[in-house]
S.K.: 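One structure follows; several queries about it will come next.
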Amino acid sequence: MNKKGFMRIAEATIAVMIVLGAMLLISSQKGGKTDEDLTNMISSFLEEIAKNDSLREKILSYNTGEDYTTLSNAVILSNITGFLDKRIDDPLLNFSVSICDVEEICYLQPYPEGFYGEIFSEDRIISTRLSETNFNPRKIAVFAWRNE
């Protein structure tokens with residue numbers, strides 16, 4: 001009997017199993033890391049916003065009694081969006097910013113049309129300095145999602 005043919009078939013089968021196993025391992029790790037990285041990225045952006053005095057003042061001047069489309073509120077959201085645009089280098093990543101009172105829930109406005117995937121969000125309370133007398137904190141939320 002010729003055992004060379006059987007050995008080649010066994011080697012080829014083992015090689016295919018190794019390649020498939022490596023591909024499954026790589027693909028399963030890719031999705032989880034992306035989600036974790038996205039959440040960490042949003043948190044770091046909120047930290048930068050909280051440390052930036054000019055953005056803090058703009059967030060604190062946001063009028064939560066008015067709609068987000070009013071001119072003064074739209075300018076504030078545009079400034080924050082511009083700040084984030086400079087830091088985000090992923091063309092598939094979309095984001096939105098919302099500002100509300102501390103007791104309220106910040107909603108994603110407007111909700112992206114035709115999107116049914118995962119949306120990640122993180123929020124942070126922005127307040128005045130202790131030396132200031134007008135204490136009127138706001139909550140800022142950043143929503144991020146990937147278009148794939």
S.K.: Calculate, to the nearest 0.5 Å, the distance between atoms CG and CD1 belonging to Leu55 and Ile80 respectively.
M.R.: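 Between atom CG of Leu55 and atom CD1 of Ile80 there are 6.0 Å.
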S.K.: Go through the structure and list residues passing salt bridge (charged side-chain N to carboxylate O under 4.0 Å, His left out) with Glu48, not counting sequence neighbours.
M.R.: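 Only Arg87 meet the salt bridge (charged side-chain N to carboxylate O under 4.0 Å, His left out) criterion with Glu48.
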S.K.: Answer yes or no: is there a donor N or O on one side and an acceptor on the other, between the side chain of Lys139 and the main chain of Glu103, under 3.5 Å?
M.R.: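 A pair under 3.5 Å: no.
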S.K.: Judged by atom type as modelled, is there a donor-acceptor pair below 3.5 Å linking the side chain of Arg56 to the main-chain atoms of Ser127?
M.R.: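 Between the backbone of Ser127 and the side chain of Arg56 there is a qualifying donor-acceptor contact (under 3.5 Å).
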S.K.: What is the distance from atom CD of Glu57 to atom CG of Asn52, rounded to the nearest 0.5 Å?
M.R.: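 The CD atom of Glu57 sits 9.5 Å away from the CG atom of Asn52.
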S.K.: If you measure from CD1 on Ile99 to SG on Cys106, what distance do you get to the nearest 0.5 Å?
M.R.: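 Here the interatomic distance stands at 8.0 Å.
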S.K.: Once you round to the nearest 0.5 Å, how far does CZ of Arg124 lie from OG of Ser43?
M.R.: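 Separation between the atoms: 9.5 Å.
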S.K.: According to a hydrophobic-cluster definition based on side-chain heavy atoms being under 4.5 Å apart (Ile, Leu, Val, Met, Phe, Trp, Tyr only), do Ile88 and Ile49 belong together?
M.R.: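 Yes.
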S.K.: Should we count CG of Leu20 as having more than 12 external heavy atoms under 6.0 Å?
M.R.: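 Atom CG in Leu20 is packed in, count exceeds 12.
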S.K.: So does Val142 get a backbone contact from the side chain of Asp123, meaning a donor-acceptor N/O pair under 3.5 Å?
M.R.: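 The answer is no, because no donor-acceptor pair under 3.5 Å joins these two groups.
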S.K.: So, for Ser96 and Trp145, which heavy atoms are closest and what is the spacing to 0.1 Å?
M.R.: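 Reported closest heavy-atom pair: N-CZ3, 4.0 Å.
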S.K.: Quick one: CD1 on Ile76 to CG on Leu60, what's the gap to the nearest 0.5 Å?
M.R.: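 Between Ile76 CD1 and Leu60 CG, I get 9.5 Å after rounding to 0.5 Å.
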S.K.: Run the numbers on Glu118 and Phe120 for side chain to side chain contact (heavy atoms under 4.5 Å, CB included), then give the verdict.
M.R.: CA-CA 6 Å; Glu118 293 180 337; Phe120 297 90; 3.5 Å; yes
S.K.: Can you tell me if Thr81 uses its side chain to pair, donor with acceptor, with the backbone of Leu77 under 3.5 Å?
M.R.: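 Flag set: sc Thr81 to bb Leu77 pair under 3.5 Å.
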S.K.: Go through Tyr107 and Cys100 one step at a time and tell me if the side chain to side chain contact (heavy atoms under 4.5 Å, CB included) criterion holds.
M.R.: CA-CA 9 Å; Tyr107 294 101; Cys100 60; over 6 Å; no
S.K.: If I take atom CG from residue Asn73 and atom OH from residue Tyr62, how far apart are they, to the nearest 0.5 angstrom?
M.R.: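 Asn73 CG to Tyr62 OH: 4.0 Å, rounded to 0.5 Å.
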S.K.: Let me check something: do Leu93 and Leu46 share a hydrophobic cluster, defined by ILVMFWY side-chain heavy atoms less than 4.5 Å apart, either directly or through other members?
M.R.: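 Same hydrophobic cluster.
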S.K.: Answer yes or no: is there a donor N or O on one side and an acceptor on the other, between the side chain of Thr13 and the main chain of Ile9, under 3.5 Å?
M.R.: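 Flag set: sc Thr13 to bb Ile9 pair under 3.5 Å.
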S.K.: Look at the side chain of Ser98 and the backbone N and O of Leu108, then say whether any donor-acceptor pair between them is shorter than 3.5 Å.
M.R.: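 A pair under 3.5 Å: no.
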S.K.: Inspect the contact between Arg138 and Asp101 and indicate whether a charged nitrogen and a carboxylate oxygen are less than 4.0 angstrom apart.
M.R.: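 Looking at Arg138 together with Asp101, the answer is yes, because their closest N to O distance falls below 4.0 Å.
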S.K.: Would you say the side chain of Phe95 lies within less than 4.5 Å of the side chain of Ile42, judging by non-hydrogen atoms?
M.R.: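 A side-chain contact is absent here, since even the closest heavy-atom pair is not under 4.5 Å.
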